[in-house]
Amino acid sequence: MSINKVFISGNLTRDPELRATQGGTSVLRVGLAVNDRARNQQTGEWEDRANFVDCVVFGKRAEALAGMLAKGQRVAIDGGLRYSSWEAQDGSRRSKLEVVVEEIEFMSPRQGGGRQAAPAAAAPAAGAGDLYDEDIPF
């Protein structure tokens, strides 16, 4: 048995690219930057290192997401890995590993409207502190 499951979050590195296959299936491609922290062996300081991950969405979901995603937006992605290899026009062999998106969650509001952050919780009403006993044992 094998498990092919990926959970990542990061910022989109480019605006989405929506295309269609010859069969008419919509294909949306996005890039995601995911930071990793590592200690620099020369300086001893911690540094952020960016990893760039190609992601792809298929079908009606691709069409819907095309207008909702934009470069710089923070998202969380749930999906699986897919390996592709092909021969380039110059005859060289090429390959890549990408994430096939199953679920996507917006972690920042879209530019120009759309989903907004949840409002902050309201402050307690005046006098609410009087409801609690000051002799709480913890």
Side-chain angles (χ1 to χ4, degrees):
M1 181 174 105
S2 63
I3 298 173
N4 183 1
K5 200 68 169 166
V6 176
F7 299 102
I8 56 175
S9 68
N11 295 329
L12 297 178
T13 60
R14 61 184 184 270
D15 286 330
E17 301 168 10
L18 181 63
R19 297 198 175 142
T21 64
Q22 290 179 350
T25 302
S26 297
V27 179
L28 182 72
R29 295 191 179 280
V30 295
L32 194 65
V34 180
N35 286 339
D36 190 15
R37 288 192 61 80
R39 187 177 295 257
N40 183 319
Q41 292 182 358
Q42 295 174 346
T43 65
E45 299 291 321
W46 286 95
E47 297 176 347
D48 285 331
R49 296 182 182 168
N51 296 292
F52 300 99
V53 180
D54 289 327
C55 302
V56 63
V57 186
F58 294 100
K60 292 185 187 269
R61 181 176 288 168
E63 296 170 20
L65 287 171
M68 302 169 96
L69 299 173
K71 179 180 178 178
Q73 190 173 14
R74 186 161 184 75
V75 296
I77 290 178
D78 171 4
L81 295 175
R82 182 178 74 172
Y83 175 80
S84 302
S85 64
W86 65 96
E87 186 174 312
Q89 291 178 347
D90 64 1
S92 64
R93 198 81 185 131
R94 302 284 173 102
S95 64
K96 74 175 177 178
L97 190 62
E98 62 188 353
V99 175
V100 177
V101 177
E102 295 171 9
E103 298 291 331
I104 189 165
E105 182 176 335
F106 300 95
M107 298 178 70
S108 63
R110 291 184 309 213
Q111 303 263 337
R115 184 175 177 198
Q116 299 296 318
D130 298 337
L131 298 174
Y132 300 102
D133 187 10
E134 291 186 23
D135 294 330
I136 298 174
F138 49 89

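In this chain, residues are counted from 1 in sequence order.
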Do Ser26 side-chain atoms and Ala62 backbone N/O form a donor-acceptor pair below 3.5 Å? no
For Thr13 and Lys71, which heavy atoms make the closest approach, and how far apart are they? O-CE, 3.5 Å
Taking all heavy atoms of Ser9 and all of Met107, pick out the closest pair and write down the distance. CB-SD, 3.9 Å
Could you tell me whether the side chain of Asp78 and the main chain of Glu102 form a donor-acceptor pair under 3.5 Å? no
Would a hydrophobic clustering, with Ile, Leu, Val, Met, Phe, Trp and Tyr connected at side-chain separations under 4.5 Å, put Phe52 with Leu69? no
If I take atom SG from residue Cys55 and atom CD from residue Glu98, how far apart are they, to the nearest 0.5 angstrom? 8.5 Å
Hphob cluster co-occupancy, Val57 + Leu81, side-chain heavy atoms under 4.5 angstrom: yes
What heavy-atom pair brings Ala50 and Asn35 nearest, and what distance separates the two atoms? CA-OD1, 3.7 Å
CG of Asp36 to CZ of Arg49, rounded to nearest 0.5 Å, is 7.5 Å
Under 4.5 Å between side-chain heavy atoms, counting indirect links through other Ile/Leu/Val/Met/Phe/Trp/Tyr residues: same cluster for Val30 and Leu97 or not? yes
To the nearest 0.5 Å, what is the distance between CH2 on Trp86 and CZ on Arg93? 9.5 Å
Shortest non-hydrogen contact from Arg94 to Ala88? CG-CB, 3.9 Å
A quick test of your reading: do over 12 heavy atoms of other residues, nucleotides or ligands sit less than 6.0 Å from NZ of Lys96? yes
Measuring from atom CG of Leu12 to atom CD1 of Ile104, what distance do you get when rounded to the nearest 0.5 angstrom? 6.5 Å
Rounded to the nearest 0.5 angstrom, the CD1-CD1 distance for Ile77 and Ile8 is 5.0 Å
Output the distance between atom CD (Glu103) and atom CZ (Arg61), rounded to the nearest 0.5 Å. 5.0 Å
Of Val75, Val99, Asn11, Val101, which meets side chain to side chain contact (heavy atoms under 4.5 Å, CB included) against Leu32? Val75
Same cluster or not: are Phe106 and Val6 linked, directly or through other Ile, Leu, Val, Met, Phe, Trp or Tyr residues, by side-chain heavy atoms under 4.5 angstrom apart? yes
Mind running salt bridge (charged side-chain N to carboxylate O under 4.0 Å, His left out) on Asp54 and Arg14 for me, showing each step along the way? CA-CA 11 Å; Asp54 289 327; Arg14 61 184 184 270; 3.7 Å; yes
